[in-house]
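Written below as structure tokens is the structure these notes are about.
Reminder, nothing fancy here: chain letters follow the sequence lines and each chain counts from 1.
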Amino acid sequence: MGNLRRLLIDPQVPAVSLAHVDGTAAGQPVVVEWSDVAGIGPDAVLVGSGDALRPPRDAREQELTAGRLEMTGKLVLTERGDAFGPLEDIEFDEQSGRLLALVVSGHVVPVDRLVAVGPDALILPAS
Amino acid sequence: VTRFVRAAELIGTPVATLDSATFIGEIRDVLFDPLRWRFLGFTLRGRGLLSPPLIGFLPSAAIKALGRDALMIASDADLVRDPTDITSALGEHEDAVGTEVLNDEGVKLGRVADLVLETDGRKVSVAGYVIRRDDGRELVVPLLPDSGPNWGEALVVPASVEGLGAGGLVGFREALDRTRALRSGVGL
């Protein structure tokens, strides 16, 4: 149906809440709620039905599909203004989408709360 | 635990908002009240080569954290962008760097090269200043809280500063403690 391109993190949980899917037959950017993802296999991500794919609804979802919320490479900061380095990857629970850790400069930083995720940085609590 | 930082080292530090994780600019200059040697805040410039040289004034009360890599504020709304308000804030600022320093015996010691700020990661205060001598050596002079020598055409300091200062930020804490113990209640 398409290719999973980017993930949107809801900093309030924090968890993956939405995925951008591109390369669909319609050619328009579409997204899928993470709760509609039925499974992740070695070669494909499965959704319950094609109805799960929908156009972006709001400005934030449009920013995601336009690539303006790309997380890789963003600076990971604490709320005290100390940097870990640029984000390399994330680890999350495939079932719930719950964010588990950030991979920064080759180190795995466990995460149970985020202060903010924005266009320039990911901000972690100080402790 | 506090740390000391030279004001010039803060220039270019990115300023990030805690509500949106956005870099709104970077530190352009450190503002202080020269009468009381009190830290007032920072002016900010935009980020990038073609960005505006001055985008606003950030009062000290707006600082949520001053870390080693970024200055954190609550939101973009904390930045004073109104040109009139910025001018008013800048009006209290005297450009200290470059001012000649004389001791009270009329001997030229050098010129003011920088300020030393003390921070606990949130509050910022002026803890000292740096004199650069003609031969390039530096003397980092500690201050008592909210007091210091008066600014004029030159900064006239007591002759004793040469014995109280440190050669750099290494050793400055000891110099500051020694000064404050010796001069409790008396401005240098």
Under a 4.5 Å cutoff for heavy-atom pairs, which residue among A:Thr78, A:Val115, A:Leu77 has the most contacts with chain B? A:Leu77

Contact origin within B:Ser20 toward chain A - heavy atom pairs under 4.5 Å: backbone

Under 4.5 Å to a heavy atom of chain A? For B:Leu71 that would be neither

For the student: nearest non-hydrogen atoms of B:Val124 and B:Ile63, plus distance: CG2-CD1, 4.3 Å

B:Arg28 and B:Leu54 have their tightest heavy-atom pair at CD-CD1, 3.8 Å

With a 3.5 Å cut-off and no angle check, do the side chains of B:Ser60 and B:Arg38 form a donor-acceptor pair? no

Contacting region of B:Thr13 [heavy-atom separation from chain A under 4.5 Å]: neither

Any donor-acceptor pair under 3.5 Å linking the side chain of A:Arg98 with the backbone of A:Asp112? yes

